[in-house]
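One structure below.
Below, chains carry the letters A, B, ... as their sequence lines are ordered, and counting in each starts from 1.
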Amino acid sequence: MSVVLDAFTVITVTAGLVFFLAGTVGLLRFPDALTRLHALTKADNLGLGLIVLGLLPQCPDITSALKLIAIWVLVQFAGASASQLIAQFVRRNEPGP
Amino acid sequence: MPEFLYAAAALVLLLTGLGLMRMLWGPSPADRLMAAQLLGTGGGAIALLIAIASGTMAIIDIALTLALLAAFAAVALTLGEPGTKTRAGEGEQ
Amino acid sequence: MSLLVDLVLVALILMAAVWTVLVRDRRDAVIAFIVLGLLLSLVWMRLYAVDVALTEAAVGGGATGLVLLRACARLLPVEAEGRLPGPGTQIAAGLLSAIAAAGLAAVVLSPPVPYPSLAALAAENIHQVGLGNPVTAVLLAYRSLDTLLEKVVLVLAVIGVWALTPDAFWGGAPGSLKSKHASGALDLLARVLPPFGIVVGIYLVWNGADHPGGTFQGGTVLAAMWLLMMMADLADPPEIRLKRLRRLVVFGPAVFIAAGFAGIFMSGWFLSYPPDYAKPIIVAVEAALALSIAVILGLLVAGPAAEPPKR
(Lines give C-alpha, C1' and ligand atoms only; values in the text may rest on other atoms or scores of the structure.)
Protein backbone atom coordinates (compact mmCIF):
# COMPACT_ATOMS: atom_id res chain seq x y z
CA MET A 1 0.00 0.00 0.00
CA SER A 2 2.72 2.42 1.00
CA VAL A 3 4.51 1.75 -2.29
CA VAL A 4 1.36 2.73 -4.17
CA LEU A 5 0.99 5.90 -2.08
CA ASP A 6 4.66 6.79 -2.58
CA ALA A 7 4.29 6.29 -6.32
CA PHE A 8 1.20 8.53 -6.24
CA THR A 9 3.20 11.21 -4.41
CA VAL A 10 6.10 11.02 -6.88
CA ILE A 11 3.80 11.27 -9.89
CA THR A 12 1.62 14.15 -8.65
CA VAL A 13 4.52 16.19 -7.21
CA THR A 14 6.41 15.74 -10.48
CA ALA A 15 3.32 16.90 -12.37
CA GLY A 16 3.18 19.92 -10.05
CA LEU A 17 6.81 20.69 -10.88
CA VAL A 18 5.94 20.60 -14.58
CA PHE A 19 3.33 23.31 -13.99
CA PHE A 20 5.85 25.42 -12.06
CA LEU A 21 8.18 24.99 -15.05
CA ALA A 22 5.34 26.07 -17.34
CA GLY A 23 4.64 29.09 -15.11
CA THR A 24 8.29 30.17 -15.18
CA VAL A 25 8.74 29.62 -18.92
CA GLY A 26 5.50 31.48 -19.63
CA LEU A 27 6.45 34.34 -17.32
CA LEU A 28 9.79 34.70 -19.08
CA ARG A 29 8.84 33.98 -22.69
CA PHE A 30 5.31 35.26 -23.30
CA PRO A 31 5.12 38.56 -25.18
CA ASP A 32 2.85 40.77 -23.06
CA ALA A 33 1.75 41.24 -19.46
CA LEU A 34 -1.72 39.68 -19.71
CA THR A 35 -0.50 36.44 -21.34
CA ARG A 36 2.29 36.25 -18.76
CA LEU A 37 -0.36 36.60 -16.04
CA HIS A 38 -2.18 33.69 -17.63
CA ALA A 39 0.96 31.54 -17.32
CA LEU A 40 1.46 32.61 -13.72
CA THR A 41 -1.98 31.46 -12.62
CA LYS A 42 -1.24 27.95 -13.87
CA ALA A 43 1.57 27.64 -11.33
CA ASP A 44 -0.74 29.03 -8.63
CA ASN A 45 -3.61 26.67 -9.36
CA LEU A 46 -2.17 23.45 -10.65
CA GLY A 47 1.48 23.61 -9.57
CA LEU A 48 0.70 24.12 -5.90
CA GLY A 49 -2.51 22.09 -6.18
CA LEU A 50 -0.78 18.97 -7.49
CA ILE A 51 2.04 19.28 -4.94
CA VAL A 52 -0.55 19.55 -2.13
CA LEU A 53 -2.43 16.56 -3.56
CA GLY A 54 0.80 14.55 -3.72
CA LEU A 55 1.77 15.44 -0.16
CA LEU A 56 -1.60 14.46 1.34
CA PRO A 57 -0.79 10.71 1.64
CA GLN A 58 2.50 11.60 3.35
CA CYS A 59 0.86 13.68 6.10
CA PRO A 60 1.42 12.15 9.56
CA ASP A 61 -1.99 13.27 10.88
CA ILE A 62 -5.35 14.50 9.67
CA THR A 63 -4.83 18.05 11.04
CA SER A 64 -1.84 18.76 8.82
CA ALA A 65 -3.64 17.24 5.83
CA LEU A 66 -6.59 19.60 6.43
CA LYS A 67 -4.16 22.51 6.80
CA LEU A 68 -2.59 21.63 3.45
CA ILE A 69 -5.98 21.70 1.77
CA ALA A 70 -6.86 24.99 3.51
CA ILE A 71 -3.60 26.50 2.22
CA TRP A 72 -4.41 25.45 -1.33
CA VAL A 73 -7.94 26.91 -1.09
CA LEU A 74 -6.53 30.18 0.31
CA VAL A 75 -3.96 30.39 -2.48
CA GLN A 76 -6.71 29.77 -5.05
CA PHE A 77 -8.74 32.62 -3.66
CA ALA A 78 -5.84 35.02 -3.11
CA GLY A 79 -4.29 34.13 -6.48
CA ALA A 80 -7.55 34.70 -8.36
CA SER A 81 -8.09 38.07 -6.66
CA ALA A 82 -4.47 39.10 -7.16
CA SER A 83 -4.53 38.27 -10.87
CA GLN A 84 -7.74 40.32 -11.28
CA LEU A 85 -6.05 43.25 -9.53
CA ILE A 86 -2.87 42.91 -11.59
CA ALA A 87 -4.89 42.65 -14.82
CA GLN A 88 -6.87 45.78 -13.90
CA PHE A 89 -3.58 47.56 -13.17
CA VAL A 90 -2.22 46.51 -16.56
CA ARG A 91 -5.36 47.69 -18.36
CA ARG A 92 -5.21 51.09 -16.69
CA ASN A 93 -1.52 51.68 -17.26
CA GLU A 94 -0.91 50.23 -20.70
CA PRO A 95 -2.65 51.36 -23.85
CA GLY A 96 -4.57 48.33 -25.09
CA PRO A 97 -4.21 46.88 -28.58
CA MET B 1 10.80 9.67 0.03
CA PRO B 2 12.31 12.67 1.92
CA GLU B 3 15.14 12.85 -0.63
CA PHE B 4 12.63 13.13 -3.47
CA LEU B 5 10.67 15.86 -1.64
CA TYR B 6 13.86 17.82 -0.87
CA ALA B 7 14.86 17.56 -4.54
CA ALA B 8 11.39 18.76 -5.58
CA ALA B 9 11.72 21.74 -3.18
CA ALA B 10 15.11 22.58 -4.70
CA LEU B 11 13.61 22.45 -8.19
CA VAL B 12 10.71 24.74 -7.26
CA LEU B 13 13.24 27.19 -5.79
CA LEU B 14 15.33 27.03 -8.96
CA LEU B 15 12.31 27.54 -11.23
CA THR B 16 10.73 30.40 -9.29
CA GLY B 17 14.23 31.89 -8.90
CA LEU B 18 14.59 31.86 -12.68
CA GLY B 19 11.20 33.55 -12.85
CA LEU B 20 12.78 36.47 -10.99
CA MET B 21 14.45 37.42 -14.26
CA ARG B 22 11.06 38.97 -15.03
CA MET B 23 11.56 41.18 -11.98
CA LEU B 24 14.75 42.50 -13.58
CA TRP B 25 13.35 42.84 -17.10
CA GLY B 26 10.00 44.39 -16.28
CA PRO B 27 8.97 46.39 -18.20
CA SER B 28 5.92 47.38 -16.12
CA PRO B 29 5.61 47.11 -12.32
CA ALA B 30 2.87 44.53 -12.94
CA ASP B 31 5.41 42.25 -14.65
CA ARG B 32 7.84 42.64 -11.76
CA LEU B 33 5.07 41.94 -9.28
CA MET B 34 4.17 38.73 -11.13
CA ALA B 35 7.68 37.43 -10.46
CA ALA B 36 7.13 38.17 -6.75
CA GLN B 37 3.75 36.44 -6.92
CA LEU B 38 5.30 33.32 -8.46
CA LEU B 39 7.99 33.30 -5.78
CA GLY B 40 5.29 33.58 -3.10
CA THR B 41 3.41 30.56 -4.45
CA GLY B 42 6.69 28.71 -4.96
CA GLY B 43 7.72 29.62 -1.40
CA GLY B 44 4.50 28.06 -0.14
CA ALA B 45 5.15 24.90 -2.14
CA ILE B 46 8.76 24.75 -0.88
CA ALA B 47 7.58 25.17 2.72
CA LEU B 48 5.05 22.34 2.38
CA LEU B 49 7.58 20.01 0.71
CA ILE B 50 10.21 20.66 3.38
CA ALA B 51 7.66 20.39 6.21
CA ILE B 52 6.64 16.90 5.11
CA ALA B 53 10.16 15.83 4.14
CA SER B 54 11.68 16.85 7.47
CA GLY B 55 8.64 16.05 9.61
CA THR B 56 8.68 19.62 10.98
CA MET B 57 4.94 20.31 10.84
CA ALA B 58 5.38 23.87 12.18
CA ILE B 59 6.78 24.86 8.78
CA ILE B 60 3.25 24.37 7.37
CA ASP B 61 2.29 27.54 9.27
CA ILE B 62 4.79 29.50 7.16
CA ALA B 63 2.98 28.34 4.02
CA LEU B 64 -0.32 29.28 5.71
CA THR B 65 0.94 32.82 6.40
CA LEU B 66 2.32 33.16 2.86
CA ALA B 67 -0.99 31.96 1.41
CA LEU B 68 -3.00 34.37 3.54
CA LEU B 69 -0.90 37.36 2.52
CA ALA B 70 -0.36 36.23 -1.10
CA ALA B 71 -2.59 38.94 -2.58
CA PHE B 72 -1.25 41.81 -0.47
CA ALA B 73 1.48 42.99 -2.79
CA ALA B 74 -1.04 43.10 -5.66
CA VAL B 75 -3.46 45.15 -3.53
CA ALA B 76 -0.68 47.46 -2.39
CA LEU B 77 0.47 48.06 -5.96
CA THR B 78 -2.52 50.33 -6.55
CA LEU B 79 -1.40 52.47 -3.59
CA GLY B 80 1.80 53.55 -5.29
CA GLU B 81 0.02 54.23 -8.55
CA PRO B 82 0.24 57.74 -9.96
CA GLY B 83 -3.33 58.99 -10.09
CA THR B 84 -4.19 57.26 -6.82
CA LYS B 85 -5.45 60.14 -4.77
CA THR B 86 -4.86 60.25 -1.06
CA ARG B 87 -6.69 62.77 1.03
CA ALA B 88 -3.28 63.90 2.27
CA GLY B 89 -2.28 65.47 -1.01
CA GLU B 90 -3.21 65.71 -4.60
CA GLY B 91 -1.80 62.75 -6.44
CA GLU B 92 -3.60 63.59 -9.66
CA GLN B 93 -1.55 63.77 -12.77
CA MET C 1 21.75 18.72 -2.79
CA SER C 2 21.29 21.01 0.20
CA LEU C 3 24.50 22.84 -0.72
CA LEU C 4 22.99 23.56 -4.13
CA VAL C 5 19.81 24.91 -2.48
CA ASP C 6 21.87 27.15 -0.22
CA LEU C 7 23.93 28.46 -3.12
CA VAL C 8 20.81 29.22 -5.18
CA LEU C 9 19.19 30.98 -2.20
CA VAL C 10 22.28 33.08 -1.51
CA ALA C 11 22.62 34.01 -5.20
CA LEU C 12 18.93 35.03 -5.39
CA ILE C 13 19.18 37.08 -2.20
CA LEU C 14 22.28 38.93 -3.41
CA MET C 15 20.56 39.61 -6.73
CA ALA C 16 17.39 40.91 -5.07
CA ALA C 17 19.38 43.04 -2.60
CA VAL C 18 21.64 44.61 -5.26
CA TRP C 19 18.62 45.19 -7.51
CA THR C 20 16.70 46.89 -4.67
CA VAL C 21 19.55 49.38 -4.30
CA LEU C 22 20.32 49.88 -7.98
CA VAL C 23 16.89 50.10 -9.62
CA ARG C 24 15.89 53.73 -10.26
CA ASP C 25 12.11 53.53 -9.96
CA ARG C 26 10.99 53.62 -6.33
CA ARG C 27 8.06 51.27 -6.82
CA ASP C 28 10.25 48.70 -8.57
CA ALA C 29 12.65 48.90 -5.62
CA VAL C 30 9.77 48.17 -3.22
CA ILE C 31 8.73 45.11 -5.26
CA ALA C 32 12.33 43.86 -5.17
CA PHE C 33 12.33 44.45 -1.40
CA ILE C 34 9.17 42.34 -1.03
CA VAL C 35 10.93 39.59 -3.02
CA LEU C 36 13.94 39.94 -0.70
CA GLY C 37 11.64 39.45 2.29
CA LEU C 38 10.16 36.28 0.78
CA LEU C 39 13.65 34.91 0.10
CA LEU C 40 14.79 35.73 3.66
CA SER C 41 11.76 33.87 4.98
CA LEU C 42 12.92 30.82 2.97
CA VAL C 43 16.43 31.17 4.43
CA TRP C 44 15.11 31.17 8.01
CA MET C 45 13.01 28.14 7.12
CA ARG C 46 16.09 26.43 5.70
CA LEU C 47 17.82 27.12 9.05
CA TYR C 48 14.75 25.64 10.82
CA ALA C 49 14.22 28.96 12.64
CA VAL C 50 10.46 28.67 12.08
CA ASP C 51 9.52 31.54 14.42
CA VAL C 52 11.73 33.98 12.55
CA ALA C 53 10.58 32.65 9.18
CA LEU C 54 6.95 33.23 10.23
CA THR C 55 7.73 36.80 11.30
CA GLU C 56 9.53 37.48 8.04
CA ALA C 57 6.68 35.99 6.01
CA ALA C 58 4.08 38.10 7.84
CA VAL C 59 6.07 41.35 8.06
CA GLY C 60 7.89 41.07 4.72
CA GLY C 61 4.90 39.74 2.80
CA GLY C 62 2.23 41.96 4.31
CA ALA C 63 3.29 45.00 6.28
CA THR C 64 6.56 46.22 4.76
CA GLY C 65 5.34 46.34 1.17
CA LEU C 66 2.27 48.32 2.27
CA VAL C 67 4.28 50.83 4.32
CA LEU C 68 6.78 51.43 1.53
CA LEU C 69 4.25 51.65 -1.31
CA ARG C 70 2.21 54.09 0.77
CA ALA C 71 5.36 56.13 1.29
CA CYS C 72 5.85 56.11 -2.50
CA ALA C 73 2.30 57.42 -2.97
CA ARG C 74 2.90 60.21 -0.45
CA LEU C 75 6.06 61.27 -2.26
CA LEU C 76 4.30 61.70 -5.63
CA PRO C 77 2.80 65.16 -4.97
CA VAL C 78 6.06 66.28 -3.33
CA GLU C 79 7.96 65.21 -6.41
CA ALA C 80 5.43 66.85 -8.75
CA GLU C 81 6.13 70.17 -7.05
CA GLY C 82 9.85 69.62 -7.57
CA ARG C 83 10.60 69.67 -3.84
CA LEU C 84 13.25 66.97 -4.04
CA PRO C 85 16.06 66.72 -1.49
CA GLY C 86 19.23 68.46 -2.65
CA PRO C 87 22.45 66.63 -3.56
CA GLY C 88 23.85 67.29 -0.07
CA THR C 89 20.95 65.47 1.64
CA GLN C 90 21.09 62.64 -0.88
CA ILE C 91 24.82 62.09 -0.38
CA ALA C 92 24.43 62.27 3.41
CA ALA C 93 21.59 59.69 3.32
CA GLY C 94 23.69 57.39 1.10
CA LEU C 95 26.73 57.74 3.34
CA LEU C 96 24.76 57.03 6.52
CA SER C 97 23.23 53.92 4.93
CA ALA C 98 26.67 52.74 3.80
CA ILE C 99 28.10 53.27 7.30
CA ALA C 100 25.22 51.34 8.90
CA ALA C 101 25.69 48.50 6.38
CA ALA C 102 29.47 48.44 6.94
CA GLY C 103 28.96 48.38 10.71
CA LEU C 104 26.55 45.45 10.44
CA ALA C 105 28.90 43.60 8.09
CA ALA C 106 31.83 44.13 10.49
CA VAL C 107 29.85 42.67 13.39
CA VAL C 108 28.53 39.72 11.38
CA LEU C 109 31.85 38.86 9.72
CA SER C 110 33.99 38.95 12.87
CA PRO C 111 32.15 37.01 15.58
CA PRO C 112 34.05 36.44 18.83
CA VAL C 113 35.58 32.96 19.19
CA PRO C 114 34.28 31.00 21.04
CA TYR C 115 30.86 32.49 20.34
CA PRO C 116 29.25 33.51 23.64
CA SER C 117 26.10 31.45 24.12
CA LEU C 118 23.75 30.86 27.01
CA ALA C 119 21.71 28.39 24.97
CA ALA C 120 22.73 25.30 26.97
CA LEU C 121 21.97 26.98 30.30
CA ALA C 122 18.66 28.34 29.00
CA ALA C 123 17.57 24.98 27.59
CA GLU C 124 18.41 23.29 30.89
CA ASN C 125 15.97 25.43 32.88
CA ILE C 126 13.30 25.96 30.25
CA HIS C 127 10.88 23.47 31.82
CA GLN C 128 10.36 25.86 34.75
CA VAL C 129 8.52 28.28 32.45
CA GLY C 130 6.08 25.60 31.32
CA LEU C 131 6.13 26.59 27.63
CA GLY C 132 6.82 24.19 24.79
CA ASN C 133 8.25 26.81 22.42
CA PRO C 134 11.80 27.75 23.52
CA VAL C 135 11.69 31.01 21.53
CA THR C 136 8.61 32.27 23.39
CA ALA C 137 10.09 31.07 26.68
CA VAL C 138 13.30 33.05 26.11
CA LEU C 139 11.44 36.15 24.86
CA LEU C 140 8.91 36.28 27.70
CA ALA C 141 10.80 34.75 30.60
CA TYR C 142 14.59 35.19 30.28
CA ARG C 143 14.60 38.33 28.14
CA SER C 144 11.26 39.71 29.21
CA LEU C 145 12.69 43.18 29.88
CA ASP C 146 13.98 43.40 26.30
CA THR C 147 10.64 42.22 24.98
CA LEU C 148 8.79 44.75 27.15
CA LEU C 149 10.98 47.62 25.93
CA GLU C 150 10.51 46.45 22.35
CA LYS C 151 6.73 46.82 22.72
CA VAL C 152 7.10 50.21 24.40
CA VAL C 153 9.23 51.30 21.43
CA LEU C 154 6.27 50.44 19.17
CA VAL C 155 4.07 52.80 21.20
CA LEU C 156 6.75 55.49 20.86
CA ALA C 157 6.79 54.86 17.10
CA VAL C 158 3.05 55.58 16.92
CA ILE C 159 3.60 58.80 18.90
CA GLY C 160 6.43 59.68 16.51
CA VAL C 161 4.23 59.15 13.45
CA TRP C 162 1.36 61.11 15.01
CA ALA C 163 3.80 63.93 15.82
CA LEU C 164 4.10 64.55 12.06
CA THR C 165 0.45 65.67 12.00
CA PRO C 166 0.00 69.33 10.99
CA ASP C 167 -1.57 71.41 13.79
CA ALA C 168 -4.81 71.95 11.90
CA PHE C 169 -5.43 68.20 11.57
CA TRP C 170 -4.53 67.17 15.12
CA GLY C 171 -6.97 64.58 16.39
CA GLY C 172 -8.34 63.84 12.92
CA ALA C 173 -8.19 60.68 10.85
CA PRO C 174 -5.18 59.53 8.80
CA GLY C 175 -5.39 59.84 5.02
CA SER C 176 -7.60 57.27 3.39
CA LEU C 177 -5.88 54.13 2.13
CA LYS C 178 -8.68 53.61 -0.33
CA SER C 179 -7.67 52.83 -3.87
CA LYS C 180 -9.05 55.39 -6.29
CA HIS C 181 -9.91 52.66 -8.76
CA ALA C 182 -12.91 50.69 -7.55
CA SER C 183 -12.39 46.96 -8.00
CA GLY C 184 -14.85 44.15 -7.45
CA ALA C 185 -11.97 41.74 -6.88
CA LEU C 186 -10.55 43.89 -4.06
CA ASP C 187 -13.99 44.24 -2.51
CA LEU C 188 -14.53 40.48 -2.55
CA LEU C 189 -11.04 39.81 -1.17
CA ALA C 190 -11.53 42.27 1.68
CA ARG C 191 -14.89 40.72 2.59
CA VAL C 192 -13.88 37.06 2.46
CA LEU C 193 -10.27 37.04 3.66
CA PRO C 194 -10.48 38.83 7.07
CA PRO C 195 -12.53 36.12 8.85
CA PHE C 196 -9.90 33.54 7.87
CA GLY C 197 -7.08 35.98 8.66
CA ILE C 198 -8.44 36.70 12.13
CA VAL C 199 -8.65 32.97 12.88
CA VAL C 200 -5.08 32.42 11.62
CA GLY C 201 -3.83 35.46 13.59
CA ILE C 202 -5.37 34.20 16.85
CA TYR C 203 -4.11 30.69 16.06
CA LEU C 204 -0.53 31.97 15.65
CA VAL C 205 -0.69 33.80 19.00
CA TRP C 206 -2.26 30.89 20.85
CA ASN C 207 0.04 28.38 19.20
CA GLY C 208 3.06 30.53 20.10
CA ALA C 209 3.21 29.17 23.66
CA ASP C 210 4.11 25.64 22.60
CA HIS C 211 4.91 25.78 18.89
CA PRO C 212 6.47 28.33 16.57
CA GLY C 213 4.32 31.43 16.32
CA GLY C 214 3.65 34.26 18.70
CA THR C 215 2.48 37.77 19.34
CA PHE C 216 4.29 39.58 16.58
CA GLN C 217 3.41 37.10 13.86
CA GLY C 218 -0.23 36.93 14.93
CA GLY C 219 -0.48 40.69 15.49
CA THR C 220 0.95 41.40 12.04
CA VAL C 221 -1.58 39.10 10.36
CA LEU C 222 -4.42 40.83 12.26
CA ALA C 223 -3.08 44.26 11.27
CA ALA C 224 -2.85 43.14 7.63
CA MET C 225 -6.55 42.18 7.67
CA TRP C 226 -7.52 45.57 9.12
CA LEU C 227 -5.44 47.35 6.48
CA LEU C 228 -6.97 45.25 3.72
CA MET C 229 -10.43 46.41 4.85
CA MET C 230 -9.21 50.01 4.90
CA MET C 231 -7.84 49.70 1.35
CA ALA C 232 -11.13 48.26 0.09
CA ASP C 233 -13.00 51.15 1.77
CA LEU C 234 -14.82 48.77 4.12
CA ALA C 235 -13.26 50.47 7.15
CA ASP C 236 -12.07 54.04 7.68
CA PRO C 237 -8.80 54.82 9.45
CA PRO C 238 -9.86 55.85 12.98
CA GLU C 239 -9.50 59.42 14.24
CA ILE C 240 -6.37 59.54 16.36
CA ARG C 241 -8.07 61.54 19.14
CA LEU C 242 -10.31 58.58 20.07
CA LYS C 243 -9.71 57.54 23.68
CA ARG C 244 -10.71 53.94 22.92
CA LEU C 245 -8.08 53.70 20.20
CA ARG C 246 -5.36 55.10 22.44
CA ARG C 247 -6.30 52.67 25.21
CA LEU C 248 -5.93 49.79 22.75
CA VAL C 249 -2.46 51.06 21.78
CA VAL C 250 -1.18 51.00 25.37
CA PHE C 251 -3.26 48.01 26.54
CA GLY C 252 -0.63 45.33 25.74
CA PRO C 253 2.39 47.10 27.24
CA ALA C 254 0.24 48.09 30.27
CA VAL C 255 -0.76 44.47 30.92
CA PHE C 256 2.89 43.45 30.50
CA ILE C 257 4.06 46.10 33.03
CA ALA C 258 1.26 45.13 35.43
CA ALA C 259 2.35 41.48 35.20
CA GLY C 260 5.90 42.67 35.85
CA PHE C 261 4.94 44.54 39.04
CA ALA C 262 2.76 41.64 40.15
CA GLY C 263 5.95 39.57 39.92
CA ILE C 264 7.49 41.68 42.70
CA PHE C 265 4.77 40.59 45.11
CA MET C 266 4.36 37.03 43.91
CA SER C 267 7.96 35.92 43.52
CA GLY C 268 10.21 38.76 44.51
CA TRP C 269 11.45 40.41 41.30
CA PHE C 270 10.10 42.67 38.61
CA LEU C 271 8.96 40.54 35.65
CA SER C 272 9.51 37.22 37.42
CA TYR C 273 6.62 34.78 37.29
CA PRO C 274 5.74 32.28 40.00
CA PRO C 275 6.50 28.84 38.45
CA ASP C 276 2.96 27.50 38.92
CA TYR C 277 1.33 30.39 37.10
CA ALA C 278 4.04 31.22 34.56
CA LYS C 279 2.23 29.82 31.56
CA PRO C 280 -1.21 31.42 32.08
CA ILE C 281 0.42 34.78 32.83
CA ILE C 282 2.59 34.61 29.70
CA VAL C 283 -0.34 33.58 27.49
CA ALA C 284 -2.47 36.44 28.88
CA VAL C 285 0.35 38.94 28.29
CA GLU C 286 0.86 37.62 24.77
CA ALA C 287 -2.84 37.93 23.92
CA ALA C 288 -2.93 41.54 25.15
CA LEU C 289 0.27 42.35 23.28
CA ALA C 290 -1.00 40.83 20.02
CA LEU C 291 -4.09 43.06 20.14
CA SER C 292 -1.97 46.18 20.72
CA ILE C 293 0.55 45.20 18.05
CA ALA C 294 -2.25 44.75 15.51
CA VAL C 295 -3.65 48.21 16.27
CA ILE C 296 -0.18 49.81 16.38
CA LEU C 297 0.95 48.34 13.05
CA GLY C 298 -2.31 49.42 11.42
CA LEU C 299 -1.87 52.97 12.74
CA LEU C 300 1.79 53.07 11.65
CA VAL C 301 0.81 52.21 8.08
CA ALA C 302 -2.15 54.63 8.12
CA GLY C 303 0.21 57.45 9.11
CA PRO C 304 -0.32 60.89 10.63
CA ALA C 305 -3.73 62.57 10.59
CA ALA C 306 -4.51 64.16 7.23
CA GLU C 307 -7.86 65.81 7.82
CA PRO C 308 -9.38 67.89 10.62
CA PRO C 309 -11.35 66.01 13.30
CA LYS C 310 -15.08 65.79 12.72
CA ARG C 311 -17.13 67.61 15.32
### Message
Do B:Leu64 and A:Leu74 make a side-chain contact, defined as non-hydrogen atoms from C-beta onward lying under 4.5 Å apart?
### Response
yes

### Closest approach of A:Ala43 to B:Thr41 (non-hydrogen atoms, all atoms of both residues)
O-CG2, 4.1 Å

## Note on the structure
The reported gap from CG in A:Leu85 to CG in B:Leu33 (rounded to nearest 0.5 angstrom) is 10.0 Å

### Task
Any chance you could measure B:Arg22, atom CZ, to A:Leu40, atom CG, to the nearest 0.5 Å?
11.5 Å

### Query
Using non-hydrogen atoms only, which part of A:Ile51 is less than 4.5 Å away from chain B: side chain, backbone, both, or neither?
side chain

#### Entry: B:Ile60 versus A:Ser64, closest heavy-atom pair with distance
CD1-CB, 3.7 Å

#### Entry: Option in A:Gln88, A:Gln76, A:Gln84, A:Gln58 with maximal non-hydrogen atom pairs under 4.5 Å from chain B
A:Gln58

### Query
Do the side chains of A:Thr63 and B:Met57 get nearer than 4.5 Å, heavy atoms only?
no

## Note on the structure
Whatever's closer than 4.5 Å to a heavy atom in chain A on B:Leu20 counts as neither

### Query
If you look at every heavy atom in B:Thr16 and A:Thr24, which pair is closest and at what distance?
N-OG1, 4.1 Å

### Query
Which atoms form the tightest heavy-atom contact between B:Gly42 and A:Phe20, and what is the distance?
CA-CE2, 3.7 Å

#### Entry: Atom group of B:Met1 that falls short of 4.5 Å from chain A, counting heavy atoms
side chain

### Query
Does any heavy atom of chain B fall under 4.5 Å from the side chain of A:Phe19, the backbone, both, or neither of them?
neither

### Message
Which heavy atom of B:Gly19 sits nearest to which heavy atom of A:Leu27, and what is that distance?
### Response
O-CD2, 3.7 Å

#### Entry: Close side-chain approach of B:Asp61 to A:Lys67, heavy-atom, < 4.5 Å
yes

### Task
Go through A:Leu28, A:Val75, A:Leu21 and name the one with the most non-hydrogen pairs under 4.5 angstrom from chain B.
A:Leu28

### Task
Could you check if a side-chain atom of A:Val52 sits within less than 4.5 angstrom of a side-chain atom of B:Leu48, using non-hydrogen atoms only?
yes

### Query
Which pair of non-hydrogen atoms, one from A:Thr9 and one from B:Phe4, has the smallest distance, and what is that distance?
O-CE2, 4.3 Å

